[in-house]
Every structure is written in structure tokens, then in C-alpha cells.
Amino acid sequence: MSGILDGKRILVTGVLMESSIAFHVAKVAQEQGAEVILTAFPRPTLTERIAKKLPKPAKVIELDVTNDEHLDRLAGLVRDELGSLDGVVHSIGFAPQDALGGNFLNTPFESVATAMHVSAFSLKSLAMACKPLMGEGGSIVGLTFDAQFAWPQYDWMGPAKAALEATSRYLARDLGKDGLRCNLVSAGPLRSMAAKSIPGFDELADVWNHRSPLAWDMADPEPAGLGIVALLSDFFPKTTGEIIHVDGGVHMMGA
């Protein structure tokens with residue numbers, strides 16, 4: 001039986017741990033027939049070690065999405081490896097410690113600017129760096145954490161995710177003429193490397209213990225990975241600018 005990504009070439013960012021959503025995207029994408037290439041920063045060697053646990057070998061390219069030189073060379077490096085791309089996965093986010101953990105009112109602009117650049121503007125940067133490799137029908141998929149609400153401890157990552165969500169909609173608007181779709185998956189909380197950097201993460205995540213209609217396992221990134229793979233496939237040919245919630249249903253619950 002053929003997979004839903006047979007013959008597709010996919011670039012995946014953000015594979016830092018075997019427990020990360022990005023790792024499961026790469027794993028399922030390979031299992032569904034795709035050729036996969038990974039990017040990593042700041043430690044490509046870490047991603048290279050993790051990549052050995054994938055079903056098939058995957059090339060790792062160093063990519064700092066805030067570095068214009070890295071972005072300018074990306075298309076050439078990917079072309080040498082795969083020739084072209086059918087899909088791109090944006091799994092990148094970062095905020096300095098003083099932008100998290102209940103420090104919202106005291107965070108300096110420099111830290112806010114870093115969070116916005118890495119977590120939101122980078123979606124546009126990555127999309128434009130990969131656009132020369134993508135033909136008609138390509139799919140760009142990013143990861144968000146529902147920005148409709150003010151979450152405890154999340155602080156400036158909340159506005160950064162809101163900016164990411166708006167950026168995705170504008171990319172969908174402007175890239176649609178080239179046949180490119182841009183969507184996001186809003187996943188529930190997971191005990192990932194990113195979560196470890198959020199002071200008081202357990203307070204935020206505890207919401208899912210009380211409000212999720214479907215049981216939510218914070219140690220299982222696969223549901224979100226499956227959602228991303230579905231959006232990379234041809235099963236959503238006219239879906240763009242959308243946010244698909246893979247959060248056990250918390251997003252639709254009232255008080």
C-alpha cells in the first residue's frame with residue numbers, strides 16, 4: 001500500500017529530541033513515503049544523533065532562521081540533496097527567560113523582539129527561503145499554541161504565537177497564487193525541550209487535566225505529528241490559512 005506522502009520531499013525544522021513533535025513528523029513522513037531533510041540550530045550534531053533513530057537516513061543542514069546567510073544558502077543545499085520540495089515544517093520557537101514565567105510586565109523590548117523574530121517572523125523567512133524549491137501544490141505547516149487566550153506563565157510567547165498565527169494567514173494570502181498552502185497545527189502541551197524552558201509549565205499544562213474532553217497525554221507527541229503530516233499531504237488541497245487544533249478539544253470548551 002502506498003503512503004499519503006509517496007514521492008514527496010519534505011523539510012522539517014526543530015528535531016531536537018526523540019520526544020519532539022518534529023521528530024514524529026519526520027518519522028511518520030518517511031513511513032508514508034516521503035524523502036525528508038532536517039535543519040537544526042544551534043547544535044546540528046545533536047539532531048544528527050537523533051536522526052539516526054528515524055526509519056531512514058536524513059541529511060541535517062545547519063539553519064539559524066535569524067541569519068540571512070543561512071537562509072540565502074538553504075535552497076542550494078536542499079536542491080543538492082533533494083532537487084525540490086513539496087512541503088516545509090516550521091517547528092521553531094524561542095523566548096529569553098525574562099520573557100516567560102510571570103515576568104510579562106517587566107520584560108524588556110530586546111527580549112520581546114527576540115521572541116517575535118525567532119518564533120513568528122521566521123515563518124515568513126523560512127517560507128521565502130524554500131519558495132524557489134516549491135512548485136504548484138506545496139504545503140507549509142507550522143506549530144502554534146492557541147493564542148486566543150492569556151495562559152499562565154507563557155507571557156510573551158503568547159503574543160509571539162499570535163503573531164505567528166497572523167503571519168500564517170498573510171502567507172496563505174500572498175502565496176496562494178503560487179499554489180502554496182500555509183496552515184498551522186495548534187497542539188496541546190507536551191513535555192518537550194521547549195516546555196522545560198517555561199517556568200511554571202505544570203501550572204499551564206494542568207488545564208488539560210480538567211478541561212480536555214479527550215484524554216490528553218503530555219508524553220505523546222504523535223497526534224500532533226499526524227495532524228501535520230495530514231496537512232502536508234494532498235488530502236487538503238484547498239485548505240489554507242487554517243489552524244487545526246490537536247489539543248483534545250480544550251480549545252472549544254467554556255468555563
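All values derive from a computational prediction rather than experimental measurement.
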- prompt: Backbone N or O of A187 within a donor-acceptor pair of the D247 side chain at under 3.5 Å?
  reply: no
query: Does the pair R79 and L133 meet the rule for a side-chain contact (heavy atoms from CB on, under 4.5 Å), with working shown?
result: CA-CA 7 Å; R79 186 178 289 111; L133 300 171; 3.5 Å; yes
task: Working to the nearest 0.5 Å, report the span between CG of L77 and CD1 of I61.
output: 5.0 Å
statement: In terms of heavy-atom contacts, R73 and E62 come closest through NH2-O, 3.4 Å
field: OH (Y170) with more than 12 external heavy atoms under 6.0 Å
entry: no
field: Spacing of CG belonging to L82 relative to NZ belonging to K8, to within rounding of 0.5 Å
entry: 13.5 Å
query: If only atom types and distance count, is the side chain of E165 paired as donor or acceptor with the main-chain N or O of A147 below 3.5 Å?
result: yes
- prompt: Within a reach of under 6.0 Å around NZ of K177, are more than 12 heavy atoms found that belong to other residues, nucleotides or ligands?
  reply: yes
field: Residue pair L143 / K161: nearest heavy atoms and the distance that separates them
entry: O-NZ, 3.4 Å
- line: Value for CG (L175) from OG1 (T240), rounded to nearest 0.5 Å, stands at 8.0 Å
message: Same cluster or not: L16 versus V88, using hydrophobic residues (I, L, V, M, F, W, Y) connected whenever any side-chain heavy atoms lie under 4.5 Å apart?
response: no
field: Minimal non-hydrogen separation, P221 against H24, with atom names
entry: CG-CD2, 3.2 Å
- prompt: Between L184 and R169, is any pair of side-chain heavy atoms under 4.5 Å apart?
  reply: no
query: Same cluster or not: are L226 and V185 linked, directly or through other Ile, Leu, Val, Met, Phe, Trp or Tyr residues, by side-chain heavy atoms under 4.5 angstrom apart?
result: yes
query: Do L171 and K124 come close enough that some side-chain heavy atom pair is under 4.5 Å?
result: yes
field: Side-chain (T13) to main-chain (S91) donor-acceptor, under 3.5 angstrom
entry: yes
- prompt: Are V250 and Y154 grouped together when hydrophobic residues (ILVMFWY) are joined by side-chain heavy atoms under 4.5 angstrom apart?
  reply: yes
query: Would you say the side chain of F121 lies within less than 4.5 Å of the side chain of T167, judging by non-hydrogen atoms?
result: no
task: Report whether V65 and I10 are members of the same hydrophobic cluster (ILVMFWY, side-chain heavy atoms less than 4.5 Å apart, transitive linking).
output: no
query: Do I243 and W216 sit in the same hydrophobic cluster, where Ile, Leu, Val, Met, Phe, Trp and Tyr count as joined when their side-chain heavy atoms come under 4.5 Å apart?
result: no
- prompt: Considering the options L11, V12, L164, which one meets the side-chain contact (heavy atoms from CB on, under 4.5 Å) requirement together with H90?
  reply: L164
task: Applying side-chain contact (heavy atoms from CB on, under 4.5 Å), run through F236 and E242 and close with a yes or a no.
output: CA-CA 11 Å; F236 292 87; E242 188 60 86; over 6 Å; no
query: Should the pair F41 and H70 be assigned to parallel (<30°), tilted (30 to 60°) or perpendicular (>60°) ring geometry?
result: perpendicular
statement: d(L71 CG, C130 SG) to nearest 0.5 Å is 9.0 Å
- prompt: For E69 and N67, what are the C-alpha separation, side-chain angles and deciding distance, and is it a side chain to side chain donor-acceptor pair (under 3.5 Å)?
  reply: CA-CA 6 Å; E69 291 183 7; N67 184 316; 5.3 Å; no
- prompt: How far apart are the closest heavy atoms of S139 and V141, and which atoms are they?
  reply: OG-CG2, 3.6 Å
message: Nearest 0.5 angstrom please: I244 CD1 to H251 NE2, how far?
response: 9.5 Å
message: Angle between ring planes, F145 versus W208, binned at 30° and 60°: parallel, tilted or perpendicular?
response: tilted
message: Can you give me the closest heavy-atom contact between I92 and V118, atom names plus distance?
response: CG2-O, 3.6 Å
message: I want to check something: taking the side chain as every heavy atom from C-beta on, are I4 and F235 in contact at a cut-off of under 4.5 Å?
response: yes
field: Check: D98 main-chain N/O paired with T107 side-chain donor or acceptor under 3.5 Å
entry: yes
task: May I ask you to decide whether E31 forms a salt bridge with K27, counting only side-chain N to carboxylate O separations under 4.0 Å?
output: yes
statement: Of all heavy-atom pairs linking L100 and D155, the shortest is C-OD2, 3.5 Å
field: Sole residue of I50, V36, V89, V60 in side-chain contact (heavy atoms from CB on, under 4.5 Å) with V15
entry: I50
query: What is the distance from atom CE of M252 to atom CZ of R211, rounded to the nearest 0.5 Å?
result: 10.0 Å
message: Between T239 and R181, is there a side-chain donor-acceptor contact under 3.5 Å, judged purely by atom types and distance?
response: no
field: Side-chain donor or acceptor of W151 paired with backbone N/O of D146 under 3.5 Å
entry: yes
message: For S186, is there any backbone N or O sitting under 3.5 Å from a side-chain donor or acceptor partner on T144?
response: no
task: Report yes if the side chains of W156 and S119 come closer than 4.5 Å at any heavy-atom pair, otherwise no.
output: no
- prompt: Any side-chain heavy atom of L63 within less than 4.5 Å of one from L126?
  reply: yes
